[in-house]
Structure formats: C-alpha cells, structure tokens
Amino acid sequence: DTSSYASLAGELAQQGRLVASDRTLGYPLFMSLFYILDGRGYGNYFVIGGQLLINLVFTWGFWKFFEQIYPSATAGVRVLFTLFFFWAGLGMALKLLSDFLAAFLFGVFLFGLLFWRSRPSLYISAIALGLATLVRPTFTLVPLLIPVAAYLVGRCTSKVPALHVVVFIFASLAATGISSIYQYSFQGYAGPSPVLATNIGRTLDVISSGRDDDKGVDYAADQ
C-alpha cells in the first residue's frame, strides 16, 4: 500500500493539491508534512524518523496505562511489559504503512475512554479518534460500538459521561464525513473509502458462495 500513500502525499507536498485515491487522507497528510522537508529524496526516512519519535510517546503511554491497571507491579515487571510494547510498536514504525499511526491514535482514544473524564482530556481523546478514523477506514463502524464500550468501561473503571459518548460519536462521524466528501468529490463514490466496502463485500461473497475468486480458492470443494 505504500506507493498509493506516497503518491498522494507527494502531490500534497509538492503541488498542494489532492488527487483521486481509494485511500483515506490521514496517513498521506501525515507523510506530506515530512515530504515538505525533502520531497521524495529523503522524505521517507523523515517519515520513519517521525514514527520512531511517536513510538517513544506510545511507549510512555503504555507505561502510564500499566500503572493504572496494575499499580502494585514491581519495576522489573513494568519495564519488561513496556519493552515488549516498545518492540511491537517499533516493528510497525519502521514501515511506511498506516497501521502504526492508526494504532497510536486509537490507543490515545482508548486511554481517554478508560481513564480520562475532564473536559480538556475529552477533546484530546475525541480528536485522536477522529484522526484514527481518517487514517484507517476500519474505524468507520466504531460509532456503533462506542455506547456499548462506554457501558462496559463504566463497570471497570469509572462511568463515562453521556456527553463524552456523544462527542466521541460525533468526532468519528465527522472524520467519516470528510472521507466521504473526498471520495465523492474525486470519484463520485458515496462512502468513506472503496477499500472498506470492497473488503466487506468480498467477505460476504465468500461466506455466501464458499469461494474466493480473487485467490482462486474454493473452500466448499476443499472441505
């Protein structure tokens, strides 16, 4: 997927314009900030460098998360688990794919959903959710799950105020709306990303027919 993200980011950085793409805008926008520094020469290395710095923030965030869920853990146990997540993030941060940025942003939202209840922190976690939705179309359906998640979180940590639930849903829908407007403006497609709809349609087709024509596999015959 890297080439499709890079081409869109290059147009943004060099020409200052959007072009048609099946991809959501979040990751190309992130890449374009570093492409401005050096176009496509060393731009990719700058992107990876930025992701490595974000991975340090992610590691610190997990340290704080572990303090919340297991405050009695010894320093050695805490360091061991934190290093595990640092290594996991590092594996994604070294690649030019949207997975790392989306995981980091969604992680910020989840931390806020679990523990933050103040008004300023609400905006931080809601913006993180919106940006995660712009990065990956996978999060398009999250608004359907937020009320259930808020209820379950309320039974584990503290009650999530109704205002927070509304703001989270609005942030996610707003980001999906931006993606839908982008896709409709450039491709006449009424939806957040053709990638999302294509994969859902393919899954339903495989379930109903027992065949995956894209891979040339007949699951029913194999059985």
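Rounding to the nearest 0.5 Å gives a distance of 6.0 Å between CG of L18 and CG of L25. To the nearest 0.5 Å, atoms CG (N44) and OG1 (T2) are separated by 8.0 Å. Annotation: the span from I69 atom CD1 to C156 atom SG amounts to 11.5 Å, rounded to 0.5 Å. Rounded to the nearest 0.5 angstrom, K64 NZ and T82 OG1 are separated by 11.0 Å. Between atom CG of residue L101 and atom CE of residue M92 there is a gap of 10.5 Å, rounded to the nearest 0.5 Å. Atom OG of residue S121 and atom CG of residue L113 lie 11.0 Å apart, to the nearest 0.5 angstrom.
Between V108 and W116, the shortest heavy-atom contact is O-CZ3, 4.2 Å. The two residues G50 and F34 have their closest heavy-atom pair at CA-CZ, 3.8 Å. Between T140 and P137, the closest heavy-atom pair is OG1-O, 2.7 Å. Minimum interatomic distance between A93 and I48 (heavy atoms only, all atoms of both residues): O-CG2, 3.8 Å. In terms of heavy-atom proximity, S32 sits nearest to L12 at CB-CB, 3.9 Å. Residues P28 and A9 share a closest heavy-atom pair of O-CB, 3.4 Å.
Side-chain contact of Y27 with R23: a donor-acceptor pair under 3.5 Å is absent, judged by distance alone. In the model, S179 has no side-chain atom that pairs as donor or acceptor with a side-chain atom of T176 under 3.5 Å. Judged purely by distance below 3.5 Å, without hydrogens or angles, the side chains of Q183 and D22 never pair a donor atom with an acceptor atom. Under the 3.5 Å distance criterion, with hydrogens and angles disregarded, no donor-acceptor pair is assigned to the side chains of R136 and T24.
Remark: the backbone N or O of L122 is not paired with any side-chain donor or acceptor of R117 at under 3.5 angstrom. Side-chain atoms of T157 come within 3.5 Å of backbone atoms of L114 as a donor-acceptor pair (strictly under, hydrogens ignored). Under a 3.5 Å cut-off, the side chain of Q68 and the backbone N or O of F115 do not form any donor-acceptor pair. Of the possible donor and acceptor atoms, one in the side chain of S7 sits under 3.5 Å from a partner among the backbone N and O of S3.
A centroid separation of 6.0 Å or more is found between the aromatic rings of F58 and F86. Between F85 and F62, a ring centre-to-centre spacing shorter than 6.0 Å is recorded. Taking the six-membered ring for Trp and the full ring otherwise, the centers of F84 and F81 sit at least 6.0 Å from each other.
When V142, L131, V135 are each tested for a side chain to side chain contact (heavy atoms under 4.5 Å, CB included) with F106, only one passes: V142.
Under a hydrophobic clustering in which Ile, Leu, Val, Met, Phe, Trp and Tyr are joined whenever their side-chain heavy atoms come within less than 4.5 Å, directly or via other members, L56 and F65 fall into the same cluster. A continuous path of Ile, Leu, Val, Met, Phe, Trp and Tyr side chains, each step under 4.5 Å between heavy atoms, connects L96 with Y45, placing both in one hydrophobic cluster. Placement of Y182 and Y184 in two distinct hydrophobic clusters is found when ILVMFWY residues are connected by side-chain heavy-atom separations under 4.5 Å, directly or transitively. Two different hydrophobic clusters hold F170 and V160 under the rule that ILVMFWY side chains link at heavy-atom gaps under 4.5 Å. Placement of Y151 and V148 within a single hydrophobic cluster is found when ILVMFWY residues are connected by side-chain heavy-atom separations under 4.5 Å, directly or transitively.
For the pair R17 and V19, the minimum side-chain heavy-atom distance is below 4.5 Å. Counting only heavy atoms from C-beta outward, the side chains of I207 and T203 approach each other to under 4.5 Å. Between L90 and W87, the closest side-chain pair of non-hydrogen atoms falls below 4.5 Å. Side-chain atoms of S125 and F168, non-hydrogen and from C-beta on, do get closer than 4.5 Å to each other.
Counting heavy-atom neighbours within 6.0 Å of F186 CZ, excluding the residue itself, gives a total above 12.
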Carefully, step by step, assess L173 and I169 under the rule side-chain contact (heavy atoms from CB on, under 4.5 Å).
-> CA-CA 6 Å; L173 291 176; I169 293 174; 3.7 Å; yes

After noting the C-alpha distance and the side-chain angles of L163 and R119, does the key distance pass the side-chain contact (heavy atoms from CB on, under 4.5 Å) rule?
-> CA-CA 10 Å; L163 174 63; R119 186 65 61 87; 3.6 Å; yes

Working for side-chain contact (heavy atoms from CB on, under 4.5 Å), residues S98 and Y5 | CA-CA 9 Å; S98 63; Y5 292 125; 3.2 Å; yes

Output, in order, the C-alpha distance, side-chain angles, deciding distance and verdict of ring-ring contact (aromatic ring centres under 6.0 Å, His included) for F46 and Y35.
-> CA-CA 8 Å; F46 286 128; Y35 276 18; 9.7 Å; no

Tell me, with the steps shown, if L105 and L129 meet side-chain contact (heavy atoms from CB on, under 4.5 Å).
-> CA-CA 7 Å; L105 292 168; L129 175 59; over 6 Å; no

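Under the 30°/60° scheme for interplanar angles, the aromatic rings of F104 and F100 are found to lie parallel.
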